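If you're wondering where the values come from, they're calculated on a predicted model, not measured in any experiment. Position 1 is the first residue of the sequence; numbering continues from there.
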Amino acid sequence: MTTQAMDLAPKEEHAALEEADLQQRFDARIDAGDFIEAKDWMPEHYRKTLVRQISQHAHSEIVGMLPEGHWITRAPTLKRKAILLAKVQDEGGHGLYLYAAAETLGTSRDQMTAALLSGQAKYSSIFNYPTLSWADVGTIGWLVDGAAIMNQVPLTRCSYAPYARAMVRVCREESFHQRQGFESLLTMMQQGTAAQREMVQDAVNRWWWPSLMMFGPPDAESPHSAQSMRWGIKRISNDALRQKFIDACVEQAAVLGVSLPDPALKWNAERGAHDFGAIDWSEFQRVVAGDGPCNRERLAARNTAWEDGAWVRDAAMAHARKRENLAPKMPATSPPRGGASDLGRPGVERQEAA
Ligand code: BYC
């Protein structure tokens with residue numbers, strides 16, 4: 001062994017011991033139900049798992065604006081248009097909170113955006129289906145946002161605190177989204193024409209099975225579930241959430257007066273839950289692999305939006321540089337400045353005016 005290697009060996013051993021100690025303390029915190037903050041030590045695999053899930057979630061919100069966005073200019077009334085605009089805007093906001101939560105883990109927004117635009121990153125399979133009629137908008141609210149809430153309420157207790165905090169607000173807004181969808185469908189079913197009722201049934205027939213796929217593969221085939229449950233990232237399994245969703249939807253469908261397109265759907269008193277038919281997991285795999293009805297269209301739309309937005313990013317950067325140059329230089333002993341509030345300083349205004 002060289003002298004250099006002999007010097008390094010105890011250092012490496014020390015680092016390994018320290019890491020084992022940190023890992024033990026991390027595990028104990030997770031077991032005690034503690035929340036982990038961005039500044040806390042965490043195993044690399046935990047960090048990567050979170051970046052994967054949170055960034056996929058953020059991408060889903062952003063891509064999820066597209067199917068409904070298509071109907072903003074086609075909404076039947078001003079009231080429905082205003083509601084839809086607000087909803088789509090909320091989804092954009094959710095994407096931003098989630099990108100910010102993922103950034104606390106050390107991955108930049110640019111890296112995440114690049115992964116989405118290149119088609120390398122995943123986003124929810126559900127947004128690769130087309131919105132063919134106005135009833136699809138209500139059905140997305142009812143079923144897609146309904147599935148989203150079912151999946152996301154447990155995430156408000158996720159062990160990673162910045163994600164959990166972001167999910168509190170997201171869930172409140174999703175709850176409004178789900179209700180507006182249900183109310184829109186109820187209006188069509190109770191006050192609409194026969195053609196409108198048929199439109200609702202057709203939309204429900206098309207969205208039902210893809211909505212069930214939103215919860216992810218069956219537990220037995222979910223590669224990440226066991227570890228994510230152990231870490232308290234996931235609190236309820238894919239299959240358990242899917243079952244809760246189905247049970248809730250059966251009752252809601254009865255109120256709406258629509259049928260769910262599954263002949264095998266029936267109450268099982270022994271299980272205290274509904275039995276349901278087989279999900280076509282080959283369709284799910286195809287859609288996730290990039291070959292769903294709208295995958296190419298969705299990616300193309302995001303890429304076009306990115307290119308069209310280049311001037312906004314350039315302008316924002318130019319403004320930030322200008323502000324930086326105009327900020328009065330403080331002596332080294334001064335306390336830190338208050339960021340944007342500097343713009344309100346008279347000195348800054350005078351210089352900008354000049
Ligand atoms: N679509 O081991 P698994 C919204 C992937 S936004 C595509 O179970 P995990 C809304 C999974 O990523 C809705 N891919 O993974 C927005 C993994 O792939 P990788 C989005 C899926 O992470 C606008 C592989 O399959 N919600 O609601 O433990 C308007 C194996 O799966 C899907 C979230 O993102 C899918 N459906 O569990 C309206 C919630 N399912 O990474 C509404 C947060 C699975 O190994 N995410 N995959 O290549 C989660 O809760 C979990 O990530 C999942 C999957 C339950 C989705």
Side-chain angles (χ1 to χ4, degrees), residues 37-39 47 50-70 72-73 81-82 84-124 127 160-163 165-170 172-174 177 297-330 334-354:
E37 292 289 346
K39 62 179 173 21
R47 183 186 300 277
L50 282 165
V51 170
R52 179 186 63 76
Q53 175 165 330
I54 303 173
S55 62
Q56 286 177 2
H57 192 168
H59 299 326
S60 305
E61 299 282 357
I62 297 299
V63 177
M65 296 165 81
L66 295 168
E68 291 173 287
H70 175 74
I72 290 174
T73 53
K81 191 200 222 23
L84 184 57
L85 261 175
K87 178 181 191 291
V88 171
Q89 192 171 318
D90 284 351
E91 313 296 1
H94 298 173
L96 300 189
Y97 314 147
L98 289 164
Y99 283 128
E103 278 183 309
T104 63
L105 292 155
T107 300
S108 75
R109 171 105 168 255
D110 280 348
Q111 285 171 301
M112 292 184 268
T113 305
L116 172 66
L117 296 181
S118 66
Q120 198 195 326
K122 285 199 170 79
Y123 57 85
S124 183
F127 301 116
Y160 188 57
Y163 189 28
R165 282 192 289 267
M167 292 318 297
V168 172
R169 175 154 177 189
V170 170
R172 287 200 186 123
E173 291 176 353
E174 296 291 14
H177 297 169
E297 189 183 327
R298 301 292 182 240
L299 263 196
R302 286 313 314 156
N303 274 286
T304 304
W306 179 254
E307 284 153 24
D308 289 352
W311 70 271
V312 179
R313 292 190 298 279
D314 290 348
M317 292 304 285
H319 179 67
R321 274 194 301 273
K322 185 174 158 193
R323 237 175 56 173
E324 184 68 19
N325 291 338
L326 291 178
K329 301 283 173 276
M330 299 302 239
S334 300
R337 283 183 285 115
S341 62
D342 282 354
L343 273 182
R345 294 158 72 104
V348 175
E349 276 166 17
R350 264 200 309 279
Q351 287 178 50
E352 272 189 335

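Closest approach of Gln111 to Gly106, counting heavy atoms only: OE1-O, 4.3 Å. Among all heavy-atom pairs drawn from Gly69 and Val88, the shortest one is N-CG2, 4.2 Å. When all heavy atoms of Ser118 and Ala115 are compared, the closest pair comes out as OG-O, 3.2 Å. Heavy-atom minimum distance, Pro162 versus Ala101: O-CB, 4.1 Å. When all heavy atoms of Met65 and Gly92 are compared, the pair lying nearest together is SD-CA, 3.6 Å. Taking all atoms of both residues into account, the shortest heavy-atom contact from Gly95 to Ile62 is CA-CD1, 3.9 Å.
Within the 4.5 Å cutoff, side-chain heavy atoms of Met167 are placed close to those of Leu98. Under the 4.5 Å side-chain criterion, counting only non-hydrogen atoms from C-beta, Phe127 is not in contact with Glu61. In this structure, the side chains of His59 and Lys122 stay at 4.5 Å or more apart for every pair of heavy atoms. Put simply, the side chain of Val63 does not reach to within 4.5 Å of the side chain of Leu299, judged on heavy atoms.
Expressed to the nearest 0.5 Å, how far OG1 of Thr104 lies from CG of Leu50 amounts to 8.5 Å. Atom CG of residue Asn303 and atom CG of residue Leu117 lie 4.5 Å apart, to the nearest 0.5 angstrom. To the nearest 0.5 Å, atom NZ of residue Lys81 and atom CD1 of residue Ile72 are 8.0 Å apart. Here the CG-NE2 distance, from Leu96 to His94, works out to 10.0 Å after rounding to the nearest 0.5 Å. A distance of 7.5 Å separates CZ of Arg47 from OH of Tyr160, quoted to the nearest 0.5 Å.
Tyr163 and His57 share a side-chain donor-acceptor pair at under 3.5 Å. Side chains of Thr113 and Tyr99: no donor on one and acceptor on the other come within 3.5 Å.
Judged purely by atom type and a 3.5 angstrom limit, Asp90 has no side-chain atom pairing as donor or acceptor with the backbone of Glu173. Side-chain atoms of Arg302 never come within 3.5 Å of backbone atoms of Leu116 as a donor-acceptor pair (strictly under, hydrogens ignored). With hydrogens and angles ignored, the 3.5 Å screen pairs a side-chain donor or acceptor of Glu103 with a backbone N or O of Arg109. A donor-acceptor pair is defined here as one N or O able to donate and one able to accept, closer than 3.5 Å; such a pair exists between the side chain of Arg313 and the backbone of Trp306.
By the side chain to side chain donor-acceptor pair (under 3.5 Å) test, Glu174 pairs with His177, sequence neighbours left out.
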